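These notes concern the structure reproduced below.
If you're wondering where the values come from, they're calculated on a predicted model, not measured in any experiment. We're numbering straight along the sequence, starting at 1. The basis for the numbers below is simple: all heavy atoms, side chains too, and nothing from hydrogens, waters or symmetry mates.
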Amino acid sequence: DQLVELEGFSDVILLDNLKQRADELWPRYPRLLPEMRAWLAEAQSLQARLQVHQNSYARVREEAYLSQLVAQSIAENTNRLPDWSLAAPAQRWRFETLERLIDGFEGLAIAVADVQTRVRFAEEIAERTLTHLASDWESAARTVASSSHYAGLQLKPQIGLVPLGSNPNSGLFEFWHVESGTRPELQLDGSYRPTAEMGLILVLIPGGSFLMGAQAADPSQPNFDPDAQESEGPVHQVTLDPFFLSKFELTQAQWSRLYGSNTSEFSESNVLGPIAAIHPAEKINPQDAFATLPRFGLKLPTEARWEYAARAGTATRFWTGDDMRSIEGAANVGDRQFAVGFAEISHHESWLDDGFELHSPVGSFAPNPFGLYDVLGNVWEWCADPFATYDIRPRDGDGLRGPDEFSASESGVHRGGSFMSGILLDLRVTRRTKNNKAGFNRGLRPARNLDE
């Protein structure tokens, strides 16, 4: 019996292995169904051995209790427990190992239920977004292929997305990301008004080449900006493949659904002013973004993708032009209203009042030519890259510099400025800042690759 018991202790390793593999079974898409089902078969086989371990657990406890009895009569007590400080080390080790094993089975049961839910979702998502919408995808593919924006791109159906149509102002095609919330409702003017329940709207950004960065040395050369900093150069050409980027900054309601809780400093439960679920999510740790977004087929945009989309075909200091006053009506920045609550911060724009002391509901200001809202101001937006000089060549296709994820000890890049920012200091489209911690003025804008 003891030999069988000892051999069963190897289930501790199997439990740890299954837990680790369950964390990797994302996103909930059909391509992972074989792996999910194989995982469930292993987990359920292991669960069948729980009773064996429970019997061993009871036996070891009984043995330890009996070994501590002195020559006296003790009344029967079904809940009797030995004094483990008096037990032999081997006996105590057996008990503690079995205790850990049985506790692990409780966590395994939760993981099994979760993976079963993922399997059901994966079985349904293909029907919901592909099979039942085959004609919608055919129409979307024809529209994209004939659009002057996309240079004949042959769009394939994208699992987890639903075609919404072309934006009447930008001409770019937009899609609903099903897992992040309910279908957006189109307004009479062709726009979408964000709601707490609404899922992400992903804009299909065309591929193309652009000059990234800025320089302050020569007004006759491209991307001249007298306020450019050394880290913004040298100006260099980057070529990107088409990709998806969220039309709005990720809202607090959306982050709560994806991550499981709202991390924001300025939320409905802790405010200096009126905050709604459609305000941008903030105080997001970049490592949490790296762990959470891929579970839903999403990712952080690379710095190159961010600047390309924020520019939206422009070559000026702001997508609105070179004059700082062109920002009015297009961004939530540090202004007179901001100074009401943050008088100690001196760099606010005293000539401007955008009506918001803190961050504003997403989509409160004018969109850029790609139909993206709040790329400048509101909250800084995390990028996927570790902070690096432009001497490092960007990766072909998505422009990433460095590994796919930066570690917690490294500084990452965030872009676009925030509701606290001075315009010339932080809202120039090439401005780069670095950090590795969450902050109440830092959020994100999800991106996604095209599925081939």
Suppose we call two aromatic rings close when their centres sit under 6.0 Å apart. Are Tyr390 and His236 close by that rule?
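Centroid separation for Tyr390 and His236: below 6.0 Å.
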His279 and Phe266 aromatic centres sub-6.0 Å:
no
Is it true that [Y] and [X] share a donor-acceptor pair across their side chains at a distance under 3.5 Å?
{"X": "Ser360", "Y": "Asn378", "answer": "yes"}
{"X": "Arg311", "Y": "Thr314", "answer": "no"}
{"X": "Thr430", "Y": "Glu232", "answer": "yes"}

Quick one: does any side-chain atom of [X] pair with a main-chain N or O of [Y] as donor and acceptor, under 3.5 Å?
{"X": "Ser267", "Y": "Thr263", "value": "no"}
{"X": "Asp335", "Y": "Glu349", "value": "no"}
{"X": "Ser256", "Y": "Gln252", "value": "yes"}
{"X": "Tyr308", "Y": "Met212", "value": "no"}
{"X": "Thr129", "Y": "Val162", "value": "no"}
{"X": "Gln154", "Y": "Gly152", "value": "yes"}
{"X": "Ser45", "Y": "Glu42", "value": "no"}
{"X": "Gln229", "Y": "Asp227", "value": "no"}
{"X": "Asp353", "Y": "Arg336", "value": "no"}
{"X": "Glu197", "Y": "Arg183", "value": "no"}

Looking at side-chain heavy atoms only, is the closest gap between [X] and [Y] below 4.5 Å?
{"X": "Leu46", "Y": "Asp11", "result": "yes"}
{"X": "Leu293", "Y": "Arg448", "result": "no"}
{"X": "Phe224", "Y": "Gln215", "result": "yes"}
{"X": "Glu185", "Y": "Thr195", "result": "no"}
{"X": "Arg193", "Y": "Ile278", "result": "no"}
{"X": "Asp103", "Y": "Arg100", "result": "no"}
{"X": "Phe318", "Y": "Ile423", "result": "yes"}
{"X": "Phe365", "Y": "Phe356", "result": "yes"}

Over 60° means perpendicular and under 30° means parallel, so tell me whether Phe419 and Phe338 are parallel, tilted or perpendicular.
perpendicular
What distance separates [X] [atom1] from [Y] [atom2], expressed to the nearest 0.5 Å?
{"X": "Phe248", "Y": "Gln254", "atom1": "CZ", "atom2": "CD", "value": "9.5 Å"}
{"X": "Leu155", "Y": "Asp451", "atom1": "CG", "atom2": "CG", "value": "10.0 Å"}
{"X": "Trp382", "Y": "Asn285", "atom1": "CH2", "atom2": "CG", "value": "7.5 Å"}
{"X": "Arg295", "Y": "Leu25", "atom1": "CZ", "atom2": "CG", "value": "10.0 Å"}
{"X": "Leu258", "Y": "Asp288", "atom1": "CG", "atom2": "CG", "value": "12.5 Å"}
{"X": "Asp426", "Y": "Leu376", "atom1": "CG", "atom2": "CG", "value": "11.0 Å"}

Indicate the atoms forming the closest heavy-atom contact of [X] with [Y], along with that distance.
{"X": "Asp398", "Y": "Thr302", "value": "O-OG1, 2.6 Å"}
{"X": "Phe175", "Y": "Pro163", "value": "CD2-CA, 3.6 Å"}
{"X": "Phe244", "Y": "Leu204", "value": "CE2-CD1, 3.8 Å"}
{"X": "Pro294", "Y": "Ala289", "value": "CD-O, 3.8 Å"}
{"X": "Pro27", "Y": "Leu32", "value": "O-CD1, 3.2 Å"}
{"X": "Phe440", "Y": "Glu265", "value": "CB-CB, 3.4 Å"}

Are more than 12 heavy atoms from other residues, nucleotides or ligands located less than 6.0 Å from atom [atom1] of [X]?
{"X": "Gln187", "atom1": "CD", "result": "yes"}
{"X": "Tyr259", "atom1": "OH", "result": "no"}
{"X": "Arg128", "atom1": "CZ", "result": "no"}

Among Thr433, Val379, Leu300, whose side-chain contact (heavy atoms from CB on, under 4.5 Å) with His414 holds?
Thr433
Passing option when Val375 is tested against Asn368, Val429, Leu427 for side-chain contact (heavy atoms from CB on, under 4.5 Å)
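When Asn368, Val429, Leu427 are each tested with Val375, the side-chain contact (heavy atoms from CB on, under 4.5 Å) holds only for Asn368.
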Give the intermediate values and the outcome of side-chain contact (heavy atoms from CB on, under 4.5 Å) for residues Phe296 and Arg28.
CA-CA 7 Å; Phe296 303 93; Arg28 303 178 294 178; 4.2 Å; yes
Full working for side-chain contact (heavy atoms from CB on, under 4.5 Å) between Glu249 and Tyr373:
CA-CA 7 Å; Glu249 292 172 325; Tyr373 290 86; over 6 Å; no
Do Glu123 and Arg37 meet the salt-bridge criterion of a basic N to acidic O distance under 4.0 Å?
yes
State which residue, out of Arg432, Arg428, Arg415, Arg431, fulfils the salt bridge (Lys or Arg N to Asp or Glu O under 4.0 Å) condition with Glu307.
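Single pass found, and it is Arg415.
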Report the C-alpha distance between Arg401 and Asp385 in whole Å, list the side-chain angles of each, state the deciding distance to 0.1 Å, and finish with yes or no for salt bridge (charged side-chain N to carboxylate O under 4.0 Å, His left out).
CA-CA 6 Å; Arg401 305 173 204 266; Asp385 315 62; 5.1 Å; no
side-chain contact (heavy atoms from CB on, under 4.5 Å), that's the test. Do Glu35 and Glu24 meet it? Break it down for me.
CA-CA 10 Å; Glu35 294 178 50; Glu24 298 168 355; over 6 Å; no
Walk me through whether Asp374 and Asn332 qualify under side-chain contact (heavy atoms from CB on, under 4.5 Å).
CA-CA 8 Å; Asp374 303 307; Asn332 177 13; 5.5 Å; no
